[in-house]
Amino acid sequence: MSGWSGQVNRAREFLFEDSLLTYDYDLFVIGAGSGGVRASRISSSFGAKVAIAEEYRVGGTCVIRGCVPKKLFVYASHFSDDFEDAKNFGWTVPKAKHDWKTLIRNKDTEIDRLNGIYYTILENNNVELFEARAEILDKNTVKVGDKTFTAKYILIATGGIPIMPDVPGIEHAISSNEAFYLEEMPKRVVIVGGGYIAVEFAGIFNGLGADVIQLYRGEQILRGFDHHVQAMVAQEITKKGVDLRVRSNPAKIEKTANGLLVTLEDGSTIETDAVMYATGRRPNTEGMGLEKVGVELKANGAVIVDELSKTSVDNIYAVGDVTDRIALTPVAIHEGMAFAETVFANKPRAFKHSDVPSAVFSQPPVGSVGLTEAEARAEYGDVDIYKSEFRPMKQTLTLGSERAMVKLIVEPTSDRVLGVHIVGADAGEIIQGIGIALKCGATKEQFDATVGVHPTLAEEIVTMREKYTGE
Ligand code: NDP
């Protein structure tokens, strides 16, 4: 017996031997986001009796107020560039006008549709859903609303929530949660932060026609990314009109007759219509009774887990953003599947948090996988760098000045490619395939032996022969 059916049968034998009948459920999942839903449905497919609790909307941050609506907003905002670019390809484009309410309405319809799909997934997989806040009473007991249930295993998958720093007037600011539901599109926006969300929303509001000022407290945005990616994105978003101010941070925010007045730490002021904070997210663990049952947390509230996603309490596991490992939906999904196999298929599997490809949907977007140059140098000493910066073909007929970049980091002894970083159109799409190559341990020689697809941005990945020796 092999494959999925073999696993399911082994799982059933395992469950039967373990006689789980003394509990209401084999598994109670708290949080119906990407990680929780995947874990519950796979566990159920292994024969476990599963319940899931969700206090907000089934689907989680990514579907309801994260990746999905964000990407729709990115598409919406990109049209302003597209209309401009079209002119030199021979199109006559009348003055385009954007209607924010239409975007919000259509986005809401799509999110409702996806929300419905998640209900169906749970139903079709015999996962019982409780739409209420859950609290852990003891290691086998969960309180949901006014009901109490017992479960052999509990999985915490409650995700994260935006951090709003303690700045005077912060109550006038919004986070990405509210940005998806604004009644009106602000004409002037101040965005605070230099991470994924800040950069993505700076591009969204800028593309939709707002005057955007992005404030970042440090020297260079996108901390943790390869330094050439950081510099390239900062340069390109500035060229597109985002007023990026580094070493800048609000000291206070006040409401005025004309909107909001932001006073910066250096004393200067900005008048704006909206202030959006994208200053990180923290694990959503407050008031869940975790400390009471002995689940150890990090100082920032993250659930501490081992490589099998087990907490300090033997039958309680945690996956996704709440564990503060890599806060990405596909990672939470993999952790959820590995959990289900470990616990309900008697097949312990640790998900490896390395070579995880990711994209930043800035404009232009970023695709990255593997090590940054700095990480590679720290781990391997000398590394070879291949870097190409160029004007993408589409731009040759447009008035745009957008540039693209492809960078490879190679370990010279083994010739293994350690990292690939792309800035340019469709970088997120391209990096997915490169992620497979890195997972397979591909060498630079194998990259070079791969025939390029012409004419594309991606062909640069397999055509760079000269080592880059600059900074
Ligand atoms: P990030 O951690 O990426 O960035 C937070 C930013 O806010 C940093 O620039 C940080 O500065 C700054 N910051 C933190 N605290 C303060 C403060 N008190 N005052 C001023 N600035 C501050 O968080 P995001 O909120 O952008 O995103 C959260 C996570 O969600 C990401 O890490 C990512 O994993 C995930 N995500 C992924 C996306 C994708 O895959 N495309 C899209 C959106 C989110 P400093 O650098 O100095 O610490």
Side-chain angles (χ1 to χ4, degrees), residues 33-35 60-75 159-170 173-180 190-204 213-225 227 229-230 233-234 237 242 244-253 262 264-266 275-284 300 302 320-333 335 353 356-369 372 422-423 426-429 431-432 435:
S34 306
T61 301
C62 178
V63 171
I64 307 296
R65 46 192 184 190
C67 337
V68 174
K70 179 275 310 288
K71 186 94 186 270
L72 295 174
F73 277 20
V74 170
Y75 283 130
I161 45 180
I163 296 171
M164 299 295 273
D166 192 12
V167 172
I170 192 74
I174 59 168
S175 71
S176 54
N177 284 353
E178 294 76 37
F180 291 117
V190 169
I191 294 186
V192 186
Y196 282 79
I197 298 179
V199 169
E200 291 179 342
F201 270 90
I204 288 167
I213 299 176
Q214 184 180 347
L215 307 175
Y216 175 53
R217 65 180 178 182
E219 289 293 325
Q220 185 60 287
I221 57 169
L222 291 179
R223 187 163 60 84
F225 280 79
H227 68 282
V229 169
Q230 295 179 309
V233 173
I237 66 173
V242 173
L244 175 62
R245 304 185 190 176
V246 296
R247 295 182 298 277
S248 269
N249 211 17
K252 65 174 173 181
I253 305 162
V262 183
L264 303 186
E265 283 169 354
D266 68 4
V275 178
M276 176 179 153
Y277 269 75
T279 45
R281 297 173 60 85
R282 68 181 156 82
N284 182 19
N300 69 349
D321 292 6
V322 77
T323 62
D324 195 23
R325 287 178 281 183
I326 300 180
L328 296 173
T329 279
V331 170
I333 289 172
E335 290 168 356
H353 292 81
V356 171
S358 77
V360 184
F361 295 97
S362 47
Q363 297 179 38
V366 177
S368 269
V369 62
T372 64
I422 305 169
V423 181
D426 302 322
E429 303 288 343
I431 208 69
Q432 183 68 82

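By convention here, the first residue in the shown sequence is residue 1. Note that ligands are numbered from 1 as they come in the structure, with each ligand's atoms numbered from 1 the same way.
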How far is atom 9 (O) of ligand 1 from its nearest protein heavy atom, and which residue and atom is that?
-> Gly194 N, 2.8 Å

Of all the non-hydrogen atoms in the protein, which one sits nearest to atom 42 (C) of ligand 1, and at what distance?
-> Glu200 OE1, 3.2 Å

Which residue and heavy atom of the protein sit nearest atom 1 (P) of ligand 1, plus the separation = Gly195 CA, 4.1 Å

Pull out every atom of ligand 1 sitting under 4.0 Å from any heavy atom of Arg223, numbered as shown with elements.
-> 45 (P), 46 (O), 47 (O), 48 (O)

Heavy-atom contacts under 4.0 Å between Ala359 and ligand 1: side chain, backbone, both, or neither?
-> backbone

Measuring from the heavy atoms of Gly218, does anything fall under 4.0 Å of ligand 1?
-> no

For Arg281, the ligand 1 atoms whose distance to one of its heavy atoms is below 4.0 Å = 28 (C)

Could an N or O of ligand 1 be found under 3.5 Å from any N or O of Ala327, whether backbone or side chain?
-> yes

Please indicate whether any nitrogen or oxygen in Gly280 is less than 3.5 Å from any nitrogen or oxygen in ligand 1.
-> yes

Shortest heavy-atom approach to atom 20 (C) of ligand 1 - which of Val366, Thr329, Asn249 | Asn249

Show which atoms of ligand 1 fall inside a sub-4.0 Å distance from at least one heavy-atom site of Ile197.
-> 24 (P), 25 (O), 26 (O), 27 (O), 43 (C), 44 (C)

For Ala302 and Asp324, the nearest pair of non-hydrogen atoms, with its separation, is CB-CB, 3.5 Å

Glu265 side-chain N/O to Ala251 backbone N/O, donor-acceptor pair under 3.5 Å = no

Within a distance under 4.0 Å of any heavy atom of Pro165, pick out the atoms of ligand 1 and give their elements.
-> 17 (C), 18 (N)

Ser362 and Val199 have their tightest heavy-atom pair at CB-CG1, 3.2 Å

Least distance between heavy atoms, Ile326 atom then Val331 atom = O-CG1, 3.7 Å

Ser176 and Ile197: which non-hydrogen atoms are nearest, and at how many Å?
-> CB-CG2, 4.0 Å

Search all heavy atoms of Ala427 against all heavy atoms of Pro365 and return the closest pair with its distance.
-> CB-O, 3.6 Å

Check whether any heavy atom of Ala278 sits under 4.0 Å from an atom of ligand 1.
-> yes

Against heavy atoms of Leu328, which atoms of ligand 1 measure under 4.0 Å?
-> 37 (C), 40 (O)

Nearest protein heavy atom with distance in Å, relative to atom 21 (N) of ligand 1 | Thr279 CG2, 3.4 Å

Have a look at Lys70, Met164, Arg217 and point out the one with the heavy atom closest to atom 10 (C) of ligand 1.
-> Arg217

Does a sphere of radius 6.0 Å around CD in Glu178 hold more than 12 heavy atoms from other residues, nucleotides or ligands, not counting ones at 6.0 Å or beyond?
-> yes

Polar side-chain atom of Ser248 near backbone of Leu215 as donor-acceptor pair, under 3.5 Å | no

Starting from atom 38 (C) of ligand 1, find the nearest protein heavy-atom neighbour and note its residue, name and distance.
-> Tyr196 CD2, 3.1 Å

So, do Tyr277 and Phe201 have ring centers that fall under 6.0 Å from each other?
-> no

In terms of ring plane angle, is the pair Phe180 and Phe73 parallel, tilted or perpendicular, where the classes change at 30° and 60°?
-> tilted

Report yes or no: does Gln214 contribute a side-chain atom to a donor-acceptor pair with the main-chain N or O of Ile191 at less than 3.5 Å?
-> no

